[in-house]
Number of protein chains: 2
Amino acid sequence: MEPLKTMSVVTDSPCPHRHNVNCGDCRMKALCLPLALELDQVEQLDRIIQRGRPYQREEHIYRAGDAFHAVYAVRSGAIKTFAMTDQGVEQVTGFYLPGEIFGMDGIAHTHHISSALALETSAVCEIPFTRLEDLSIALPSLQRHFFQLMSREIINDQRLVALIGKNSADERLATLLMSISTRNAKRNLSELRFRLPMSRADIGNYLGLTVETVSRVFSRFQKQRLLKVDKKEIEILDLGGLQELANV
Amino acid sequence: MEPLKTMSVVTDSPCPHRHNVNCGDCRMKALCLPLALELDQVEQLDRIIQRGRPYQREEHIYRAGDAFHAVYAVRSGAIKTFAMTDQGVEQVTGFYLPGEIFGMDGIAHTHHISSALALETSAVCEIPFTRLEDLSIALPSLQRHFFQLMSREIINDQRLVALIGKNSADERLATLLMSISTRNAKRNLSELRFRLPMSRADIGNYLGLTVETVSRVFSRFQKQRLLKVDKKEIEILDLGGLQELANV
DNA sequence: CGACGCGTTGAATGTTGTCAAACCGAGTGG
DNA sequence: CCACTCGGTTTGACAACATTCAACGCGTCG
């Protein structure tokens, strides 16, 4: 009876984007901010978090120039963040999957210097930053965890610099695919079959390549039987081969 | 008499690398961690900071694999941070000048994943991280300031990604030179004449270019009368021209 | 149906990397 | 004092990978 009840709770979950989920129930709690917290502390965190209706594809979470007042956690869907260089060229700075935090680059200023938009229908938790700061003083483990999250963001960016600065187009794309694959695995999704939420242009922009090159590399990977590609649907046929190309 | 005394205090400063300087007297206090703090708070910060003898050229401040226990502030000299990719290739992740904080990528883990070494004789303030965390709880403005510092590091890395991913060798080097120039200006040093503390190889590594390309671009800039280059001594002849090439 | 966005493919071009050689200054030792 | 080496830098010739420009295919939506 008990297991049945649990089952039903899991299976009749009506929609992955529903907004009446608190941190304690969220399927991403093991990856996200609550990770470092005790049960009662999660409740305190939960009280400051704001959850609105889901964002539709192409909808902005924030835009460069908006006043900064929160960081965000992805609950479902996928988010891309990007900045404009002074010459008006877009630079994609990241892709964020459920359980991941974005918007930390806004902390340094009073206004956002980059933008964030939903690549598909996405639910997002808004974490008002001044309240997070206050709570971090009450909960040292939250402070520590947030320092670590920001540090991890720095490490990720540095790895991206190395990837773009030192690796070929093949290696760059293989690394991105491996990244998405392993991040999917952590979310109990298939690491071998998934749908890319972003366009070829976004991928190229992120990796410092042109759309044409991205397209060619996908074709090459297919010829080499590393992948099966159908538009945005990806099937990894040779995980080892891809891993060998990627910078782990 | 009063001005004379002040003069003498400034001029007989025996050595820029001396280690018996507290934050309140440090010439970098307006750029560094104390920036956000009141006078008595600076004293509290000062008490947790450790200052050893200066590091010599090529000496490591920490190595990848060392236990992480502190972040660092440059007091004098210049520091380069770098990581090894799994293939054993060095990746330079940053150059740090007086008043700047480095080592924040270590916060995410118990051990450093990158290394830091002195490019020239350098004095460094060591800030034990657990004590900084404790103090951040007592001094909310310190917590805020440190969050902002980390955010700024993220922004810098993202800008580097954009630079390497989207710009030519000329633009990359021009941007680095402009960065050093403006950072020098903030330290009341000449923005038009300075000595690069790092080798051509370091520059190339950092910018995702080969040594040969870096060298060629320096030559090209000289032919175009943008720079006068004598080994590591740089004189900017056409600041506007350089700025135009750089991504501001 | 035609227009449009997105992705793919081809051919030509070019910037940067690779390989090789030479230079230069500093330091060393005969 | 000079010859020597050594690391860092510069320069040249060539090749390669990615970009650019162009065309085309495909699906969607008006």
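Worth knowing before you read on, the calculation uses all heavy atoms, side chains too, and leaves out hydrogens, waters and symmetry mates.
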Can you list, by residue number, the residues of residues 157-175 of chain B that have a non-hydrogen atom closer than 4.0 angstrom to DNA chain D?
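None - not one residue of the stretch has a heavy atom sitting under 4.0 Å from the strand.
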Which pairs pass ring pair (Phe, Tyr, Trp, His ring centres under 6.0 Å) with one or both residues in residues 98-120 of chain B, sequence neighbours excluded?
B/Tyr62-B/His112, B/Phe68-B/His112, B/Tyr72-B/Phe102, B/Tyr96-B/Phe102
What donor-acceptor contacts under 3.5 angstrom involve side-chain atoms of residues 218-229 of chain A, with partners at least two apart or in another chain?
unit_1, atom_1, unit_2, atom_2, d
A/Ser219, OG, A/Ser215, O, 3.0
A/Arg220, NH1, A/Asp170, OD1, 2.6
A/Arg220, NH1, A/Asp170, OD2, 3.4
A/Gln222, OE1, A/Val229, N, 3.1

Atom [atom1] of [X] to atom [atom2] of [N]: distance rounded to whole Å?
X	N	atom1	atom2	answer
B/Asp230	C/dC23	CG	P	19 Å
B/Leu209	D/dT9	CG	P	15 Å
B/Asn205	C/dG17	CG	C1'	15 Å

Any side-chain heavy-atom pair of [X] and [Y] under 4.5 Å:
X	Y	result
B/Leu97	B/Asn184	yes
B/Glu191	B/Ile236	no
A/Met28	A/Arg187	yes
A/Val92	A/Met198	no

Scan B/Gly204 against the nucleic acid and name what it touches under 4.0 Å (heavy atoms): base, sugar-phosphate only, or nothing.
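The answer is nothing, as B/Gly204 stays clear of every strand by at least 4.0 Å.
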Measuring from B/Thr175:OG1 to B/Leu207:CG, what's the distance to the nearest 0.5 Å?
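Between atom OG1 of B/Thr175 and atom CG of B/Leu207 there are 8.5 Å.
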Sequence-distant partners of A/Arg152, salt bridge (charged side-chain N to carboxylate O under 4.0 Å, His left out), two or more places apart
none
Mind checking ring-ring contact (aromatic ring centres under 6.0 Å, His included) for A/Phe194 and listing every partner two or more places apart, or none if nothing turns up?
none
Could you tell me which residues satisfy ring-ring contact (aromatic ring centres under 6.0 Å, His included) with B/Phe82, sequence neighbours excluded, listed by chain and number?
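With sequence neighbours excluded, B/Phe82 shows a ring-ring contact (aromatic ring centres under 6.0 Å, His included) to no residue whatsoever.
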Close residues, residues 84-95 of chain A, relative to DNA chain C [heavy-atom separation under 4.0 Å]
none
Identify the pairs formed between an N or O of the protein and an N or O of nucleotides 5-9 of chain C at a distance under 3.5 Å, and give each distance.
unit_1, atom_1, unit_2, atom_2, d
C/dG7, OP1, A/Arg200, N, 3.4
C/dG7, OP2, A/Arg200, N, 3.4
C/dT8, OP1, A/Arg200, NH2, 3.3
C/dT8, OP2, A/Arg200, NE, 3.0
C/dT8, OP2, A/Ser215, OG, 3.0
C/dT8, O5', A/Ser215, OG, 3.0
C/dT9, OP2, A/Ser219, OG, 2.3

Is it true that B/Glu100 and B/Arg183 make a salt bridge, defined as a side-chain N closer than 4.0 Å to a carboxylate O?
yes
Just the table, please: protein N/O against nucleotides 28-30 of chain D N/O, every pair under 3.5 Å.
none

Backbone N or O of A/Thr81 within a donor-acceptor pair of the A/Thr93 side chain at under 3.5 Å?
yes
Which pairs pass side-chain hydrogen bond (donor to acceptor under 3.5 Å, both in side chains) with one or both residues in residues 230-244 of chain A, sequence neighbours excluded?
A/Arg193-A/Glu235
Partners of B/Thr182 by side chain to side chain donor-acceptor pair (under 3.5 Å), sequence neighbours excluded?
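Partners of B/Thr182 by the side chain to side chain donor-acceptor pair (under 3.5 Å) criterion come out as none, since no residue qualifies.
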In degrees rounded to 10°, what angle is found between the helical axes fit to the five outermost pairs at each end of the helix from C/dC1-D/dG30 to C/dG30-D/dC1?
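End-to-end axis angle for the helix from C/dC1-D/dG30 to C/dG30-D/dC1: 20°, rounded to 10°.
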Could you check B/Asp202, B/Ile203, B/Asn205 and say which one makes a side-chain contact (heavy atoms from CB on, under 4.5 Å) with B/Val214?
B/Ile203
